[in-house]
Chemist: 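Quick one: the structure is below, questions incoming.
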Amino acid sequence: MATAAKVGSNFTGVQMSPKDTKRLLDAVNDIHPDVPGDERGMLVERTERAAEADRIGSVPVPGSAKGMLKTGFDMMRGKSPEVFLDKLGERLAYERNGVRLYEAMIAKARNLDSGNDLVGVLQHIRDEEFEHMMLVHTAMEKLGADPTAQTPSADVAGVMAMGIMQVLTDPRTNVAQCMNALLTAELADNAAWELLIELAQAAGHPNIADSFGHAKTQEDDHLVKIKTLMRRDLIMQTK
């Protein structure tokens, strides 16, 4: 398995075949599509499909009497508790995916024999991602919500994580490429915790907001660690 970028027989660029490139550009000007039109037709089609499509799921009605009371009380005060619950569901899904992402990265690092220090850092972050998942789980239960339900934002978060997981589990990717994928996940995770704390405060749940503050501090540390590991690996390759 490759551990670094290598110069090789890459034929994807146009510089590899100038004559063919010229022929291709000439063909673009000489050969016209069988169906007339431009990108405006696609825009119209997408607009129509968006108008016809349903939403991506819904926030479930609380299944407990406690949840019904809390939700009803918040709605009476003019608040929208479903917004906060949707983002809680998203964070729960994202942290659960985070555990899986780091499990995949740990397996990659062990397979590449990248050293115990890297594996140790990855395991530490994975364990804290699990703690964050359980923290959100507990917060949802306190609000009377069902943490096993998939909210719309949770659905979207799962789809977003698929691309990162594909990078981590691809047998051809190296440590630097996978760390770059994890950096993408951590940047989004960091910003999302910041927003979630603000939502908890706005929704009138200061205790939950305070408990999320500790998770945000740990996420700040995750971001620093991933940046440091990624920088170290790339700099070592250039020497």
Side-chain angles (χ1 to χ4, degrees), residues 1-5 87-140 147-148 150 153-200 208-237:
M1 186 179 298
T3 57
K87 299 305 284 186
L88 282 172
E90 175 192 67
R91 199 83 329 254
L92 181 62
Y94 202 95
E95 299 302 315
R96 181 171 58 245
N97 287 328
V99 175
R100 295 168 179 165
L101 292 176
Y102 277 97
E103 285 286 357
M105 186 62 205
I106 290 168
K108 171 80 72 172
R110 283 175 173 165
N111 191 47
L112 293 177
D113 193 22
S114 301
N116 292 329
D117 59 334
L118 173 59
V119 173
V121 172
L122 294 172
Q123 289 175 330
H124 174 76
I125 296 177
R126 176 205 57 193
D127 293 344
E128 289 189 341
E129 295 288 349
F130 180 78
E131 291 176 10
H132 299 168
M133 181 186 76
M134 297 309 300
L135 177 65
V136 178
H137 187 283
T138 300
M140 294 185 76
T148 66
Q150 181 167 272
S153 291
D155 194 331
V156 173
V159 176
M160 290 170 56
M162 289 173 62
I164 299 174
M165 181 61 81
Q166 287 178 334
V167 173
L168 298 178
T169 56
D170 190 325
R172 301 168 297 174
T173 54
N174 57 45
V175 170
Q177 291 162 343
C178 291
M179 295 302 290
N180 193 60
L182 284 178
L183 179 60
T184 300
E186 287 296 348
L187 285 168
D189 201 10
N190 192 278
W193 275 105
E194 187 176 290
L195 175 61
L196 194 63
I197 292 171
E198 293 181 14
L199 287 174
I208 292 178
D210 290 342
S211 68
F212 288 170
H214 179 62
K216 174 62 169 59
T217 300
Q218 291 179 323
E219 290 296 345
D220 290 340
D221 182 61
H222 294 178
L223 190 55
V224 172
K225 282 183 166 64
I226 294 301
K227 283 183 177 179
T228 301
L229 290 170
M230 182 178 171
R231 185 182 300 111
R232 184 189 68 180
D233 184 72
L234 288 172
I235 290 176
M236 287 178 61
Q237 291 183 36

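Computed from a predicted model, the values in this text were never measured in an experiment. Numbers for residues simply follow the sequence, beginning at 1.
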Chemist: Give a yes or no answer on whether the side chain of Lys225 reaches the backbone of Asp220 with a donor-acceptor pair at less than 3.5 Å.
Modeler: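 It does not hold such a pair.
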Chemist: Does the side chain of Ile208 come within less than 4.5 Å of Ile197's, by heavy atoms?
Modeler: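 Ile197 vs Ile208: side chains apart.
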Chemist: Taking the side chain as C-beta and beyond, is there a heavy-atom pair between Val99 and Asp127 under 4.5 Å?
Modeler: no
Chemist: Under 3.5 Å, is there a donor on one side chain and an acceptor on the other for Glu128 and His124?
Modeler: yes
Chemist: If only atom types and distance count, is the side chain of Tyr94 paired as donor or acceptor with the main-chain N or O of Gly89 below 3.5 Å?
Modeler: no
Chemist: What's the shortest heavy-atom distance between Ala157 and Glu90, and which atoms?
Modeler: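 Between these two residues, the closest heavy atoms are CB-CG, 4.1 Å.
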Chemist: Locate the shortest heavy-atom distance separating Thr173 from Val167; write the atom from each residue and the value.
Modeler: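 Scanning both residues completely, I find the closest heavy atoms to be OG1-O, 2.8 Å.
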Chemist: Yes or no on side chain to side chain contact (heavy atoms under 4.5 Å, CB included) for His214 and Leu135, after CA distance, side-chain angles and deciding distance?
Modeler: CA-CA 10 Å; His214 179 62; Leu135 177 65; over 6 Å; no
Chemist: Apply side chain to side chain contact (heavy atoms under 4.5 Å, CB included) to residues Ile164 and Leu101 and explain how you reach the verdict.
Modeler: CA-CA 8 Å; Ile164 299 174; Leu101 292 176; 3.8 Å; yes
Chemist: Run the numbers on Leu92 and Arg96 for side chain to side chain contact (heavy atoms under 4.5 Å, CB included), then give the verdict.
Modeler: CA-CA 6 Å; Leu92 181 62; Arg96 181 171 58 245; 3.9 Å; yes
Chemist: When you look at Glu129 and His222, which way does the side chain to side chain contact (heavy atoms under 4.5 Å, CB included) test go after all the steps?
Modeler: CA-CA 10 Å; Glu129 295 288 349; His222 294 178; 3.3 Å; yes
Chemist: Is there a donor-acceptor pair under 3.5 Å between the side chain of Asn97 and the backbone N or O of Ala93?
Modeler: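 Yes, Asn97 side chain to Ala93 backbone: donor-acceptor pair under 3.5 Å.
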Chemist: If you round to the nearest 0.5 Å, how far is CD1 of Ile226 from SG of Cys178?
Modeler: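 Answer rounded to 0.5 Å: 11.0 Å.
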Chemist: Check whether any side-chain N or O of Ser153 sits under 3.5 Å from a backbone N or O of Lys87 as a donor-acceptor pair, and report yes or no.
Modeler: no
Chemist: What's the separation between atom CD in Gln177 and atom CG in Asn180, rounded to the nearest 0.5 Å?
Modeler: 8.5 Å
Chemist: Given side chains that start at C-beta, do those of Glu131 and Gln218 come closer than 4.5 Å, heavy atoms only?
Modeler: yes
Chemist: Would you check if the side chain of Thr217 reaches a backbone N or O of Gly213 as a donor-acceptor pair within less than 3.5 Å?
Modeler: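 A pair under 3.5 Å: yes.
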Chemist: Is the closest side-chain donor-acceptor distance between Glu95 and Trp193 under 3.5 Å?
Modeler: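 Side-chain D/A pair, Glu95 to Trp193: present.
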Chemist: Quick check for you: to the nearest 0.5 Å, what is the distance between Ile125 atom CD1 and Tyr102 atom OH?
Modeler: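 One finds 4.0 Å between CD1 of Ile125 and OH of Tyr102.
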Chemist: Could you report the tightest heavy-atom contact between Met105 and Leu182, atom names first, then the distance?
Modeler: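 Smallest heavy-atom distance, with atoms named: CG-CD1, 3.5 Å.
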Chemist: Quick one: does Lys227's side chain get under 4.5 Å of Met179's, heavy atoms only?
Modeler: no
Chemist: Taking Glu103 as the fixed residue, which of Arg126, Lys108, Arg110 is the one that meets the salt bridge (Lys or Arg N to Asp or Glu O under 4.0 Å) rule?
Modeler: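 In the set Arg126, Lys108, Arg110, the residue that makes a salt bridge (Lys or Arg N to Asp or Glu O under 4.0 Å) with Glu103 is Arg126.
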Chemist: Is any side-chain N of the basic residue among Lys216 and Asp221 closer than 4.0 Å to the acidic one's carboxylate O?
Modeler: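 Not counted as a salt bridge, because no side-chain N and carboxylate O are separated by less than 4.0 Å.
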Chemist: How long is the straight-line distance from CE of Met140 back to CG of Leu88, given to the nearest 0.5 Å?
Modeler: 5.5 Å
